[in-house]
Structure formats: structure tokens, C-alpha cells
Amino acid sequence: MMLYPTAPEAAKRFLTFINASPTPFHAVQNAAIRLEAAGFRKVSETDDWEKNLQPKGKYYFTRNQSSLLAFTIPPNWKPGAGLSIVATHVDSPNLRVRPVSKKSSVGYLQVGVETYGGGIWHSWFDRDLSLAGRVVVTTQDGSFQSKLVKVDRPLLRIPTLAIHLERGSDVSFKFNPETEFTPVFGLIESQLNAEIKNPGNSSASSIQDNHHPALLSVLASELSVAAEEIHDFELHLYDTQPSVLGGINNEFIFSPRLDNMFSSFCAVDAIANYVEGSNFGVLEGNVNCIALFNHEEIGSVSTTGAESSLIPSLLQRLSPTPALHSQSVARSFLVSADMGHAVHPNYTSKHEENHRPLVNGGIVIKTNAKQKYASDAIGTFLFKKLVERKGGKVQEFEVRNDIPCGSTVGPMLSKIGLRTVDVGNAMLSMHSIRETCGSQDAQYAIDAFTSLFEGFAELDKALSVE
């Protein structure tokens, strides 16, 4: 990695995280590594861990390798206490390998892919792409295990058609995502060097006939298993160009997956730094929590998305009776953290003139009268006061009346009854394969989330709302 001696330390830590996290699976794994280094203990949803919670305890659990909840128990905690939550998501628009991916055309090996989320798909052309995800393999003792894989070299490419063969493509670039968006993987001759012995009569769990032997051979080599020991996988395409700092003063981060790995990293970093600091174990108040969800880009409706049982289950297990559960919800506060739209220097008219967030301008509060964002006056007041505790600054974002508004995990989690505010950091090129945000903004977000963990309960006591 490049060295940046004068760059913000939080931004440099983020580069390490994002370059190691090409998929939600890797992001959850790397978040867990950071949490365990800070003293968090992993618990399982299948255990009765709530019976053994300790004051000043630090815990986390994961679900299906792709979502994570971490929480801390304050001194003198008892059921009915509220939760101070930072909720983010770890998925981003990308391309995913199909269950039957074997394709070829005029001498080229190709890999069938499906689009995930609302990507700016033209940005995926002519990029050095590779594969990452999880693979179910047979272990040495005959059991099965889901292992993560990240191939670090370029394997695939989606080539554009030369302008000489499509006059006008420099003015209007259009393509069919089904027939003209299939990556090339190699030449058919190379397949001869990667043939896998097929015993015939493949079992129902075999995928050997569904994918090119060369693809399975790459995975087998990365995982140190035989190709026939691979039983299934979820593979994502990712851009092998590393995330970097850029700009004349390294004021920018140029990176894939900023939406929303940036907020997820900041949440993990904030709670890890908080428990390592002098205030942890001294301050009374809420259970502090971070939630890293999957599948936000496609609606959050899954076992690992924000509309799953993850937050309701945590609330229920910490406060098991109806009365205690209701008290906990009423005392809780949720910060939904998802990246926001910075004003674009070439398209300033796309922003309402009084709501134009700037990169490195401080954390953005997102408001929408139609409740696409869950912010209201109470939530924004509380969040502004928390930012103020750390000497930070906030910006406001609201869409124009003639432009549709996106949404976040905030509105769906607010349905539980949690007070909620939607925030984010300003960025350019959201949903492109390469996005841009500010290198100073990482610390701004970490400070805001840390202030939530340190100061919300005290602040909430000073606010009266009928």
C-alpha cells in the first residue's frame, strides 16, 4: 500500500479495511477481527448468552457470515435499559456469478453473472476484475465448511466494443445487460489445461458441470482443496484496483464500495476505540450497539437485512418481558448511517440550492418529508448535540421536489418504535465501481458515533417530549 505520512490516520485505517473487504462476508470477518482485538467476545444466537451477561461486557454475534451485531453492557445494567445503535450496511451494487455460469463464445471462455442492486453498470466495463466470496468445501475430516476466498489477481474483464464498430457510442453508450455484459475469463484453449476428472453420474450436490473447470481450478488452488471438494459458492466480482487517497492534499478517497463500507468501518472503529478508552466501564446509560446489515441495496428483506429479526431479537433477549421490552424501545436511539450525495461541481442543479453537502464538510443529516429518511426534529436535535460534544459540524441534505429520494435502513427500523435519525458522509459517484469521498470525513463520523456511545443517555435525560 502507498504511504501517506500526512494523511488522517482514520482514513488510512479505512483503506486497510476496504482493500481487505471485497464482499460483505469479508467485511464481517474483518469487523470481527477488529472487535476481538478490542476485547469483544463472540456469542452465538443458538446459545443462552443473555443469562451470562456481565457489567462492562463486550459481545458480538454474526448471522450467516454476512451481518454482525456488537454491543457493550454498561455498569449496573438491568433489563429495560435502552440501546444506542449505529446501523449500517455492508453490501454494495456488484456482479455475482450465476449458479450455472459456464458460457463461451467464438473462442472465449465467459462467466455468466447477475447484476445486484442499482449499479452504474457502464463503469464496470474495461476494469480489471476478480472474484471473492465464500465457498462450501469438504474438510479433511469429511465435514463441510464455508470458507472465504479472495483472488488477488485480475481474472475477468468486460470489454467495450470499439468505437469503430459502434459509431456514436462516445455520445450515447447503451448496452444490453443480459447479452452484452458477460465477462471474458480466458481462451477456450486454456480450458484444456484445467480439465477436471469427471467420474460421471454427478451427485445432486455437485457443481462440477455448472462452471468452467478453469474457474473451479482457480478456487481450488486458492483454498488448497481439490476441485471436486467444492460443493457450492457465492462469488462476487470486484475491481482489483486498490482504494487510495487522492487529490492535491490527499483530501479524497478513491475507492469502490464506499456506499456503505465507509459508514460500517466508522461504526466498528468507533465502538472499538470507545471500549479501549478511559470512559468505558465508567459511564452509565444505554447498551451501546452497532449493526452491520446485508442486502440494503435490494430492499433489506432477508435473514441478514435490516427487516430481519436481528435488532428485534437483541431487544427481546436483553429485555424479555413485554413491559421491559417497551421501556427499552422507548429509551433507545438509532443512528442510521449511510452515505449521502455531495454536490457535484459539474451538476450543481441536481441539488436543492440550500441543501448542498460538501466532501469533508462534516456529517450530513438527511431529511425527507415523505419519510424516505426517518429523521425528525427530535432525532436531528439529539444528533446535532452529540456532534457538538466533539466539536464537529453537520450539513443538511434534502432532495429537490422534482427528483425522487432514495432510502436507507432507517425507516424500516424506526417501525420498531425506535427514535431514529438518518445521517451519512458526503460522496460523489455513488454506485459507480469507483466512488469518491473525503479523507477527513472518516474521523468526523467516528467522533459522532463515539459521542453517541459516550453521551446519549445523559443528553436524553435533559430532553422532554410528551
Side-chain angles (χ1 to χ4, degrees), residues 28 31-32 35-36 38-64 67-88 267-268 270-272 274-275 279-293 300 303-337 374 379 382 386 409-410 412-421 449-450 452-461:
V28 166
L35 292 171
E36 291 192 359
F40 281 78
R41 181 167 70 87
K42 187 174 185 179
V43 296
S44 171
E45 288 190 279
T46 60
D47 295 335
D48 293 331
W49 51 258
E50 63 268 31
K51 297 179 180 178
N52 301 306
L53 295 178
Q54 299 294 320
K56 306 179 187 180
K58 297 165 284 187
Y59 308 94
Y60 81 95
F61 63 89
T62 63
R63 182 182 288 182
N64 199 20
S67 61
L68 178 149
L69 261 66
F71 58 98
T72 64
I73 303 298
N76 301 319
W77 169 82
K78 59 183 180 180
L83 275 65
S84 299
I85 308 169
V86 179
T88 75
V268 172
I271 202 167
Y274 165 67
V275 302
N279 284 327
F280 180 68
V282 177
L283 295 172
E284 301 286 341
N286 281 7
V287 171
N288 290 320
C289 174
I290 63 169
L292 278 53
F293 293 109
S300 296
T303 60
T304 53
E307 282 213 79
S308 71
S309 62
L310 280 164
I311 292 291
S313 175
L314 180 63
L315 286 163
Q316 185 65 43
R317 295 183 78 159
L318 292 176
S319 300
T321 71
L324 292 171
H325 180 270
S326 295
Q327 292 168 13
S328 179
V329 169
R331 292 167 176 155
S332 297
F333 185 55
L334 174 83
V335 176
S336 166
L382 289 167
L386 292 169
V409 301
M412 60 192 68
L413 290 170
S414 71
K415 292 188 294 185
I416 299 171
L418 304 172
R419 289 171 291 175
T420 302
V421 64
F449 301 157
T450 302
L452 171 75
F453 301 145
E454 292 175 347
F456 173 74
E458 181 181 357
L459 173 63
D460 194 35
K461 292 177 183 177

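Between V409 and A87 the shortest heavy-atom distance is CG2-CB, 4.1 Å. When all heavy atoms are compared, the tightest approach of V268 to A31 is CG2-CB, 3.8 Å. Of all heavy-atom pairs between T62 and E45, the closest is O-OE1, 4.2 Å.
Looking only at side-chain heavy atoms (C-beta outward), L418 and L83 stay at 4.5 Å or farther from each other. Here the side chains of Q54 and Y59 are in contact, with some heavy-atom distance below 4.5 Å. Contact check for L459 versus F333: no side-chain heavy atoms found under the 4.5 Å cut-off. Within the 4.5 Å cutoff, the side chain of S332 has no heavy atoms near those of the R419 side chain.
Aromatic pair F40/Y60: ring centres not closer than 6.0 Å. In this structure, W77 has its ring center at least 6.0 angstrom away from the ring center of F71.
Not a single donor-acceptor pair under 3.5 Å links the side chain of S67 to the backbone N or O of F293.
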Before you tell me yes or no, could you show the steps for F453 and N279 under side-chain contact (heavy atoms from CB on, under 4.5 Å), namely the whole-Å CA-CA distance, both residues' side-chain angles and the distance that decides it to 0.1 Å? CA-CA 10 Å; F453 301 145; N279 284 327; over 6 Å; no
Begin with the C-alpha distance, continue with both residues' side-chain angles, and end with the deciding distance and a verdict on side-chain contact (heavy atoms from CB on, under 4.5 Å) for S336 and L413. CA-CA 9 Å; S336 166; L413 290 170; over 6 Å; no
List the steps, then state whether side-chain contact (heavy atoms from CB on, under 4.5 Å) holds for L382 with V421. CA-CA 9 Å; L382 289 167; V421 64; over 6 Å; no
For N286 and I85: C-alpha separation, side-chain torsions, deciding distance, then whether side-chain contact (heavy atoms from CB on, under 4.5 Å) applies. CA-CA 9 Å; N286 281 7; I85 308 169; over 6 Å; no
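Residue K42 holds its NZ atom at 11.0 Å from CG of L35, rounded to the nearest 0.5 Å. Taking OG of S313 as the reference point, atom CD of E50 lies at 8.5 Å (rounded to 0.5 Å). Atom CG of residue L68 and atom CG of residue L292 lie 5.5 Å apart, to the nearest 0.5 angstrom. From D48, atom CG reaches atom CZ of R317 across 6.5 Å, with rounding to the nearest 0.5 Å.
Residues that satisfy the salt bridge (charged side-chain N to carboxylate O under 4.0 Å, His left out) test with D47, not counting sequence neighbours, are absent from this structure. Applying the salt bridge (charged side-chain N to carboxylate O under 4.0 Å, His left out) rule to R331 yields no partners; only residues at least two apart in sequence or on another chain are considered. By the salt bridge (charged side-chain N to carboxylate O under 4.0 Å, His left out) test, K415 is found to be paired with E307, residues two or more places apart in sequence or in another chain being considered. By the ring pair (Phe, Tyr, Trp, His ring centres under 6.0 Å) test, F61 is found to be paired with no residue, residues two or more places apart in sequence or in another chain being considered. Annotation: salt bridge (charged side-chain N to carboxylate O under 4.0 Å, His left out) contacts of E36 (sequence neighbours excluded): none.
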Table please: side-chain donor-acceptor pairs of residues 322-330 below 3.5 Å, with sequence neighbours left out.
| unit_1 | atom_1 | unit_2 | atom_2 | d |
| --- | --- | --- | --- | --- |
| S326 | OG | P322 | O | 3.1 |
| S328 | OG | A81 | O | 2.7 |

